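It should be emphasised that the depicted structure is a prediction, and the values quoted were computed from it without experimental measurement.
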Amino acid sequence: MAAPRKYSLELRERAVRMYRTAEPKPQIKKLAVDLGVHPEALRGWIRQAEADAGERDDRLTSGERAELTALRKGNTQLKRANDVLRTALAFFAAQLDPTRPQVTALVDEHPRLGVECVLRELHIPSSTYYRWRRA
């Protein structure tokens, strides 16, 4: 979950709009004091708005930033799935179909993998696994 924002989106948009529509351009520090925001926060908002408008090449746009975040999350999930499969492959070695004791032993011996992730990658319903654990 993202951290709560100190300044509302409405205030951010209004501050950027005031800066971008003013002629001549006001000093960021003075405008920030007038609005009651930190000057570096206002400077960042202005730079991001310029990037989103295609006026800057040194920053990612908001859309690109969101896409990068989603790709990083997906990459993390794929790395975890690969880790589970690699570990399971080594663990089950010659077995074509993992048996109940082998699956429970895998989960017990490699807790960093996570129960749900292991079961998902091995296509074992979680209800089956937990039934095995109760037995």
Side-chain angles (χ1 to χ4, degrees):
M1 188 169 136
R5 295 180 186 257
K6 184 174 181 179
Y7 305 110
S8 69
L9 290 175
E10 181 181 305
L11 174 63
R12 292 170 141 221
E13 292 169 357
R14 192 177 92 224
V16 170
R17 190 171 50 249
M18 286 175 66
Y19 176 82
R20 290 176 61 92
T21 59
E23 282 300 327
K25 297 287 184 218
Q27 287 184 342
I28 292 177
K29 189 171 186 175
K30 183 172 179 349
L31 181 60
V33 169
D34 292 344
L35 293 172
V37 299
H38 193 277
E40 288 306 311
L42 178 58
R43 188 179 320 280
W45 301 340
I46 292 168
R47 287 179 178 165
Q48 189 61 53
E50 290 170 346
D52 289 345
E55 299 167 7
R56 293 183 76 103
D57 292 335
D58 62 334
R59 282 187 99 126
L60 296 175
T61 65
S62 297
E64 291 169 335
R65 192 176 299 266
E67 181 182 9
L68 180 60
T69 301
L71 289 172
R72 284 181 176 162
K73 184 177 180 181
N75 193 25
T76 301
Q77 291 172 344
L78 289 173
K79 283 181 181 180
R80 184 177 181 121
N82 282 340
D83 193 24
V84 168
L85 292 173
R86 195 176 308 109
T87 304
L89 178 65
F91 194 81
F92 297 129
Q95 298 284 332
L96 292 177
D97 190 25
T99 64
R100 174 188 314 189
Q102 288 176 317
V103 172
T104 55
L106 172 68
V107 171
D108 291 342
E109 290 179 25
H110 301 281
R112 67 180 166 69
L113 298 176
V115 175
E116 296 302 322
C117 194
V118 169
L119 297 177
R120 181 177 56 248
E121 297 306 324
L122 296 177
H123 304 288
I124 298 172
S126 58
S127 59
T128 301
Y129 170 77
Y130 289 112
R131 188 175 63 245
W132 290 349
R133 295 299 278 191
R134 280 193 308 272

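Atoms CG and CD, from Leu9 and Glu13 in turn, are 6.0 Å apart once rounded to the nearest 0.5 Å. Annotation: the span from Arg20 atom CZ to Trp45 atom CH2 amounts to 15.0 Å, rounded to 0.5 Å. The distance from atom CZ of Arg80 to atom CZ of Arg112, rounded to the nearest 0.5 Å, is 9.5 Å. Atom CD1 of Ile46 is separated from atom CG of Leu31 by 6.5 Å, given to the nearest 0.5 angstrom. The CG atom of Leu60 sits 10.0 Å away from the CG atom of Asp52 when rounded to the nearest 0.5 Å. Considering CG of Leu35 and CD1 of Ile28, their distance stands at 11.5 Å, rounded to 0.5 Å.
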**OP:** Give the intermediate values and the outcome of side chain to side chain contact (heavy atoms under 4.5 Å, CB included) for residues Leu42 and Tyr19.
**Re:** CA-CA 9 Å; Leu42 178 58; Tyr19 176 82; 5.5 Å; no

**OP:** Could you give me the CA-CA distance, side-chain angles and deciding distance for Arg65 and Arg59, then say whether side chain to side chain contact (heavy atoms under 4.5 Å, CB included) is met?
**Re:** CA-CA 9 Å; Arg65 192 176 299 266; Arg59 282 187 99 126; 4.1 Å; yes

**OP:** Using the salt bridge (Lys or Arg N to Asp or Glu O under 4.0 Å) rule, take Lys79 and Asp83 through it: C-alpha gap first, then chi angles, then the decisive distance, then the call.
**Re:** CA-CA 6 Å; Lys79 283 181 181 180; Asp83 193 24; over 6 Å; no

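Among residue pairs with one or both ends in residues 118-135, those qualifying as salt bridge (Lys or Arg N to Asp or Glu O under 4.0 Å) are Asp108-Arg133; sequence neighbours excluded.
Shortest non-hydrogen contact noted between Trp132 and Val103 is CZ3-CB, 3.7 Å. What you find for Ala32 and Pro39 is that their closest heavy atoms are CB-CA, 3.6 Å. Closest heavy-atom contact between Ala51 and Thr61: O-CG2, 3.3 Å. Here the shortest heavy-atom pairing between Ser62 and Gln48 reads N-NE2, 3.4 Å. Considering all non-hydrogen atoms of both residues, Gly36 and Tyr7 come closest at O-CE2, 4.0 Å.
The 12-atom threshold is not exceeded at CD of Glu10, counting heavy atoms of other residues, nucleotides or ligands nearer than 6.0 Å. Other residues, nucleotides and ligands place no more than 12 heavy atoms under 6.0 Å from the NZ atom of Lys29. The number of heavy atoms from other shown groups lying within 6.0 Å of CD (Glu64) is above 12.
Leu85 and Leu119 are not part of a single hydrophobic cluster, where members link through side-chain heavy atoms under 4.5 Å apart.
Checked for salt-bridge contact, Glu40 and Arg43 meet the test: a charged N lies under 4.0 Å from a carboxylate O.
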